[in-house]
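Note that ligands are numbered from 1 as they come in the structure, with each ligand's atoms numbered from 1 the same way. We're numbering straight along the sequence, starting at 1.
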Amino acid sequence: MQIYADNAATTKMSRAAIDAMLPYLDKVYGNPSSLHSAGQRASEALVAARERIAGILGAKPQELTFTSGGSEADNQAIISAAKMGEKSGKKHIISTAIEHHAVLHTLKKLENEGFTVTLLPVEPVTGLVTPQQVADAIGEDTALVTVMYANNEIGTVEPIAEIGAVCRERGVLFHTDAVQAAGHLPIDVRVQNIDLLSLSAHKFGGPKGVGVLYARRGVRLTNLIEGGAQERGKRAGTENIPGIVAMAAALEESAAHMDEASAHLIPLRDKLIAGLARIPHSALNGDPDKRLPGNVNFCFEGIEGESLLLLLDDKGVCASSGSACTSGSLDPSHVLLAIGRVHDVAHGSLRLSLGTDVTEAEIDYLIAAVADVVSYLRGMSPVWRDLQTGKRAYIL
Ligand SMILES: *Cc1c(COP(=O)(O)O)cnc(C)c1O
């Protein structure tokens, strides 16, 4: 069996997105800035895609800026809000310890430029932050609150509408990284009190390398890329028309089938969670209920996530782990540490992010494959032997 269970890393493109994209590769390939008819046809496609995406988000078309993806949208949102705040002497930013690196590294850069950043701690295990925590952290000099809609590792869905309401009441800009939420959870920027929002096409069946930054009317964007006057002068560079058209089709499709997808995924996700919980000395990471429909994340004591992934790959399962071994560092995930997992336990983590077309037979296979591999690895782990002989105490 072959099971791709790494949809939080990227999804396959939906048929609708591919079909929408193809004509813009070799038929309607004009530059939308050109005055001739070929350019105008591309320009019309750009206008239409912007209107369709705005409609789904509850935004106005002029409030959307197309970017190269989620990372760029996060960078531009945060830097723009910081620069706006700085003009009125506000140099404090509030965020959480579990944000994506596109957010955390941008905040680090601003700290080096003299901003103060408060990273709110999250609740142990669930990873939830509360609107009250945000309210308590807001001061006179707070320019921005940035809290992700749903976490990419542990799947926790944060109370962003309530956090947005607190920010609105206190006159502070609110940004949310909605990259994991878009296409999977409802978004309405007005109802949810969102001033700035990032999304990325390749997390909901669109192509890689294209995303959206929503900025409410009145929020002044700072350019990250200078050049031509594309995107109302806020993001230079010839527009990625095939990508943008495909993103609109993918978002439309996933929004139209969101309820169905959740109804299909949630029981299967919960079956997978229940199955993996039967493995001794294991623990679910993230909230059991306030959770992305396709996300499962576990820690297994006494093993290394990296070996787990390689052996699962041999069994046809593409998954992901929380440790950043691939990037040459042995540091476990900042998200798992932030929810209170100690280093040893955080190293034995596994994320399975399900595609909307996953079947019950595949869930059964995943449960059996993970149980097999965990017991095999424990059989040759000196740490596991120490735990069993009582030389070391179990944490989970
Ligand atoms: C994937 C992801 C990003 C980055 O998006 P790219 O389009 O890959 O740059 C940012 N935030 C979250 C939560 C993500 O899951």
Side-chain angles (χ1 to χ4, degrees), residues 4-13 17 53 64-79 95-109 119 122 127-129 146-158 160 163 174-185 187 194 196-214 224-225 235 237 240 242-244 246-248 250-251 254 285-287 290-297 318-322 324 326-327 333-336 338-339 351-355:
Y4 180 78
D6 202 14
N7 288 274
T10 197
T11 58
K12 83 173 169 204
M13 276 182 73
I53 295 172
L64 303 189
T65 303
F66 292 121
T67 66
S68 65
S71 299
E72 185 186 334
D74 282 342
N75 275 253
Q76 192 168 17
I78 292 167
I79 288 170
S95 188
T96 79
I98 62 167
E99 298 299 311
H100 190 272
H101 283 132
V103 168
L104 291 176
H105 291 178
T106 304
L107 294 176
K108 187 49 88 189
K109 188 162 96 174
L119 290 187
V122 295
L128 286 164
V129 281
T146 171
V147 175
M148 69 203 316
Y149 192 155
N151 184 270
N152 47 302
E153 290 187 36
I154 58 172
T156 299
V157 179
E158 302 293 352
I160 54 138
I163 292 172
F174 176 51
H175 166 249
T176 188
D177 172 340
V179 174
Q180 289 291 328
H184 306 281
L185 299 173
I187 297 179
I194 298 165
L196 292 144
L197 174 143
S198 318
L199 61 76
S200 176
H202 74 101
K203 305 289 175 77
F204 54 79
K208 293 158 188 63
V210 59
V212 176
L213 169 59
Y214 155 80
L224 303 186
I225 299 175
R235 203 285 186 179
N240 175 3
I244 291 166
M247 171 165 63
L251 188 62
S254 49
N285 297 311
D287 192 272
K290 292 168 185 145
R291 185 174 199 97
L292 284 169
N295 175 290
V296 173
N297 189 315
C318 297
S320 171
S321 103
T326 42
S327 60
S333 134
H334 66 287
V335 176
L336 296 178
I339 63 168
R351 177 185 72 187
L352 297 166
S353 42
L354 310 172

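- Put simply, the side chain of Asp177 does not reach to within 4.5 Å of the side chain of Thr146, judged on heavy atoms.
- Of all non-hydrogen atoms in Ala338 and Ile98, the two that sit nearest each other are CB-CG2, 3.7 Å.
- Protein residues lining ligand 1, listed by chain and number: Gly69, Gly70, Ser71, Asp74, His100, Met148, Asn152, Asp177, Val179, Gln180, Ser200, His202, Lys203 [non-hydrogen atoms, distance under 4.0 Å].
- Counting only N and O atoms by type, the side chains of Asp287 and Thr156 include no donor and acceptor under 3.5 Å apart.
- For the side chain to side chain donor-acceptor pair (under 3.5 Å) test, residues two or more places apart in sequence or in another chain that qualify with Asn297 are Asn285.
- Checking His175 against Ser198 by side-chain atom types alone, a donor-acceptor pair falls below 3.5 Å.
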Show the numbers, then the answer: is there a side-chain contact (heavy atoms from CB on, under 4.5 Å) between His184 and Phe204?
CA-CA 8 Å; His184 306 281; Phe204 54 79; 4.1 Å; yes
